[in-house]
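No experiment lies behind these values; they were computed from the predicted model shown. These values consider heavy atoms only, across backbone and side chains, with no hydrogens, waters or symmetry-generated copies. Naming: A, B, ... by sequence-line order, numbering from 1 per chain.
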Number of protein chains: 2
Amino acid sequence: MLDELDGLLLAELQRDSSRTLRELGEVVGLSPSAVQRRIDRYRTSGLITREVAVLDAGLSATAVLTICLVTLRYESDQHHAEVRGRLLAAPEVQQVYAVSGDYDYVVVLATAGMAEYRDAGRRLFQNAPNIQRYTTLVVFDPIKTSTALPVTIG
Amino acid sequence: MLDELDGLLLAELQRDSSRTLRELGEVVGLSPSAVQRRIDRYRTSGLITREVAVLDAGLSATAVLTICLVTLRYESDQHHAEVRGRLLAAPEVQQVYAVSGDYDYVVVLATAGMAEYRDAGRRLFQNAPNIQRYTTLVVFDPIKTSTALPVTIG
DNA sequence: TCTGAAAGTTTTCATCC
DNA sequence: GGATGAAAACTTTCAGA
C-alpha cells in the first residue's frame with residue numbers, strides 16, 4: 001500500500017528522475033536512505049517499469065509522428081494477438097492502445113521521415129491481414145508528451 | 001551534428017537511462033568520461049528534454065486512460081491557443097497532439113478513475129467553448145507506451 | 001576528442017532508534 | 001518504518017596524447 005509520501009515521490013519521479021536521493025529527500029521531507037528504500041520498493045514491485053530519457057521531437061529534426069486509428073476485421077483473440085504481435089515487433093511503433101469505442105487500436109508511429117512512414121503504414125496496415133480499415137492522423141505538433149499517471153494512495 | 005555513436009547512445013538512453021556511465025560506455029564502446037561529455041551535450045542542447053520514471057499503468061490500480069479525438073469549431077490561431085492553454089493547464093492531460101486529418105487534436109487523459117474521467121471530459125470538452133465535437137476511446141489495455149524517437153544522424 | 005587517474009559525490013548497507 | 005555513518009561505487013575533473 002502507498003501513503004501520501006509515496007504519491008508525492010512518485011509524482012516527482014515521473015516529472016524528473018535524474019535528481020539525487022538527497023534532492024528528492026528534500027522535496028518530500030525524507031532522508032536520502034528513506035527515499036532510496038521507497039524507490040527500491042517501487043522498482044522491485046514493478047510499479048516503476050523503467051527510467052528513460054525523453055527527446056525533443058522538434059529537435060529530432062526529421063522525425064515524423066503519426067497516429068493510426070485501426071479497426072480489425074475479426075474480433076477473435078487469435079486475430080487480436082496476431083495484430084498485436086506484428087505491431088510490437090515493428091521498430092516504428094511507439095505506442096499501442098487497445099481501446100473500446102469507434103476503433104480497436106490507437107497506434108502512434110515514430111519514423112525518421114515521411115517515406116519511412118509510408119513504408120510502415122503499408123507494411124503494418126495496408127498489406128496486412130485482419131485490418132478492416134485504418135485512418136491516419138499526421139502529427140504536426142506534439143504539444144505535450146508525458147507518461148505521468150495519477151497514483152492512488154491508500 | 002550527430003554520429004552513429006550518438007544514435008546508439010540516444011537509443012540506449014531512451015530505452016533505459018538508469019545505467020551508469022560505465023555500463024553505457026561498455027554498450028557503445030566508449031570510456032565513461034566520453035559518454036558523459038556526449039550526454040552533457042544532449043542535455044544542454046535540449047535534445048534530451050528530461051529523464052523520467054515510467055509507471056506500470058496496470059499496477060497503478062485504478063488509473064483510467066482515455067483518448068479523445070477532438071474537432072474545433074473555429075480554426076483561427078486564437079481559438080487553437082485557447083484550447084491548448086486549457087488542455088495544458090489540466091493535470092489529467094497526459095499527451096496532446098495537434099494533427100491533420102479527420103480531427104484537430106488527439107488528447108490522452110490519465111485519471112484516477114472513471115468518475116474523474118467524466119469530470120475531466122465535461123470540463124475540458126463538453127462545457128468548453130470552441131469544441132465542435134469529440135469522441136472518447138476508453139483504453140482497456142495500454143499495450144506499449146514508449147516515447148522513443150528515431151534519431152537521424154549526419 | 002578520447003583515455004586514464006585523482007578528487008569529490010552519491011549510493012549502498014549495516015546498525016540503531 | 002526512519003535516521004545515521006562508514007564503505008563501496010559512481011561521477012566529475014583534469015592532465016596527457
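- Remark: the A:Ser33 side chain and the D:dG2 base include no donor-acceptor N/O pair separated by less than 3.5 Å.
- The closest donor-acceptor contact from the side chain of B:Gln94 to the backbone of A:Ala148 lies under 3.5 Å.
- Checked by atom type and distance alone, the side chain of A:Arg86 pairs as donor or acceptor with a backbone atom of A:Leu124 at under 3.5 Å.
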Run the side-chain contact (heavy atoms from CB on, under 4.5 Å) test on A:Val99 and A:Asp104 for me, step by step, so that the C-alpha distance in whole Å, both residues' side-chain angles and the decisive distance to 0.1 Å come before the verdict.
CA-CA 5 Å; A:Val99 297; A:Asp104 291 318; 5.8 Å; no
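- Within residues 38-49 of chain A, no residue has a heavy atom under 4.0 Å from DNA chain C.
- For an aromatic pair to be called close, the ring centres must be under 6.0 Å apart, and A:Tyr74 with A:His80 fails this.
- The distance between atom CZ of A:Arg37 and atom P of D:dG1, rounded to the nearest whole Å, is 8 Å.
- Shown for residues 2-26 of chain A: residues whose heavy atoms fall under 4.0 angstrom of DNA chain C, namely A:Thr20, A:Leu21, A:Arg22.
- A donor-acceptor pair shorter than 3.5 Å cannot be found between the side chains of B:Thr71 and B:Tyr105.
- Contact between B:Gly25 and B:Val35 at its shortest, heavy atoms only, is CA-CG2, 3.5 Å.
- The two residues B:Arg50 and A:Ser146 make their nearest non-hydrogen contact at NH2-CA, 3.5 Å.
- Nearest heavy atom pair, residue B:Asp3 against residue B:Leu5, reads OD1-N, 3.0 Å.
- When distances are taken from the side chain of B:Ser31 to each of C:dT3, C:dC13, D:dG2, the shortest belongs to C:dT3.
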